[in-house]
Amino acid sequence: MEKNIINTDVLVIGSGPAGFSAAYTAAKNGADTIIVEQCGDIGGISTAGLMSHWTGSCGNGIYHEILKRSAEKNEGELHNKVTTVIDNEKLKTLYLEMLSEAGVKIMLYTFACDAIMEGNAIKGVSVVNKSGFTDIYADVVIDASGDGDIAYKSGAEYIKGREKDNKMQPATIMFKVGGVDFETAVFPPSFETTVETEKGELQQLAKQILPPPAGHVLLYKTTLPGVVTCNMTNCIDVDGTKEEDLTKATITCRNQMDDIVKFLREYVPGYKNCFIINSASLVGIRETRHFKGEYTLTEKDILEARDFDDYVVKDAYFNFDVHNIQGSGLDKTGSQEKFNQKRGYTIPYRCLIPEKIENLLLSGRNISGTHMAHSNFRAMPICAGIGEAAGAAAAVAVKKNISVRKVKAEEIRKLIF
């Protein structure tokens, strides 16, 4: 079969908050940009993954622009009211509007197959969709696929999961229930949140009653009356880079949903008449490959709120959100409500640059960081900030006809801060 060939300045693989932000920023700053997404919607976990809210925060402008423009789309009492709660359907449309405004070429239903290499330099990416196979050549490729699929195909060095045993955080399928009585309902936001009821404490009841490895209660209000997002399905021992594990996670999590609804009806105040109204079409994979960059962000960097000279993400804030690798709840290394570092930290540009591959930038949870640091910077607002930095760096590299490795952080900051 004959391949199609396309040329562009910047090619972004993946359209979650990191990929969207990278493509939007690159195009807004003058680079011809293509974004490739395997799903039928832009947004990744924030839309197809049915994420409940923007958790954590970031000082980069793109995150706040998304919040502001989302507020403009909200109806009723939430109109023009900035909130971190996500209306997934409206966000899908907003992403498309913003990419179109910036002039990004959008390729949905398109799977990135392989890296086109010339020595240690990536020259483009082979993709496939219903139109056939296409080779997209680009001056800069940004891998925002979450798992770093194209960085992996390029030969970039990485480790999976935590350093001592390569174990990775569990997978989840988010779903929503309707029929909730908001007047009496409870909304535990973290594993460390305990809720006492007449029948017992909810987190402990969940551990005793729900089928393992499910066994925790995380519930979030939506923008719709009586509708709550449930972050309660759980599948351990999943490698999100393997088809068979993604399939296993899908089957495992879906099989837990009915039991979770029965639990909500029986034990959780306000949920007596709840019912499932929809569920994510994308499995939530929290952790896979951590690539080796020019610098590796560490737990210590975050705890000390280190201010790097070459920072391109500022005021990043979240906790160590390590889900239990062996079961339900929070891992013993994690800290949510009890996370004590209240200052924002920075992320250096060097974390976005693979050590040995040219013309490639990392964007999102696949940047260079340790297992513990990753549990913090994987939050969507921070990933959006990383994407904005990657897109700005790509635009500078194209305009100056230089390697992304030679782009100065100050030049990136001029475009985004």
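The residues of the chain are indexed from 1 along the displayed sequence.
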Residues which pass side chain to side chain donor-acceptor pair (under 3.5 Å) with Tyr349, listed by chain and number, not counting sequence neighbours | none
Close side-chain approach of Leu91 to Ser70, heavy-atom, < 4.5 Å = yes
With sequence neighbours left out, write down each residue that passes ring-ring contact (aromatic ring centres under 6.0 Å, His included) with Phe377, or none if nothing qualifies.
-> His374
Listed by chain and number, what are the side chain to side chain contact (heavy atoms under 4.5 Å, CB included) partners of Thr134, not counting sequence neighbours?
-> Asn4, Ile6, Val127, Ile136
Table please: side-chain donor-acceptor pairs of residues 385-392 below 3.5 Å, with sequence neighbours left out.
residue, atom, partner, partner atom, Å
Glu388, OE1, Gly61, N, 3.4
Glu388, OE1, Ile62, N, 3.4
Glu388, OE2, Ile62, N, 3.4

Those residues that, when tested against His53, pass ring-ring contact (aromatic ring centres under 6.0 Å, His included) (two or more places apart) = Tyr220
In terms of side-chain heavy atoms, does Tyr95 have a donor or acceptor partner in Ser46 at a distance below 3.5 Å?
-> yes
Pairs where residues 154-163 contributes a residue and the test salt bridge (Lys or Arg N to Asp or Glu O under 4.0 Å) is met, not counting sequence neighbours = Glu157-Lys356, Lys160-Asp239, Arg162-Asp165
With Thr298 via side chain to side chain donor-acceptor pair (under 3.5 Å) - residues at least two apart | Asp301
Inter- and intrachain pairs under salt bridge (Lys or Arg N to Asp or Glu O under 4.0 Å), touching residues 7-29, at least two apart | none
Residue pairs fulfilling salt bridge (Lys or Arg N to Asp or Glu O under 4.0 Å) with at least one residue in residues 316-328, sequence neighbours excluded | Asp321-Arg378
Should the ring pair Phe291 and Tyr158 be called parallel, tilted or perpendicular, given that the plane angle runs from 0 to 90° and is split at 30 and 60?
-> tilted
Establish, from distance only, whether the side-chain atoms of Thr288 and Arg365 form a donor-acceptor pair under 3.5 Å.
-> yes
Please list all pairs passing the side chain to side chain donor-acceptor pair (under 3.5 Å) test where one or both residues lie in residues 104-123, with sequence neighbours left out.
-> Thr110-Asn129
Between Leu205 and Phe263, is any pair of side-chain heavy atoms under 4.5 Å apart?
-> yes
Polar side-chain atom of Glu299 near backbone of Thr370 as donor-acceptor pair, under 3.5 Å = no
Which residues satisfy the side chain to side chain contact (heavy atoms under 4.5 Å, CB included) test with Thr333, sequence neighbours excluded?
-> Val322, Asp331, Met372
Taking atom types as modelled, find out whether Tyr345 and Asn376 have a side-chain donor-acceptor pair closer than 3.5 angstrom.
-> yes
Scan residues 382-417 for pairs that pass ring-ring contact (aromatic ring centres under 6.0 Å, His included), counting only residues two or more places apart or in two chains.
-> Tyr311-Phe417
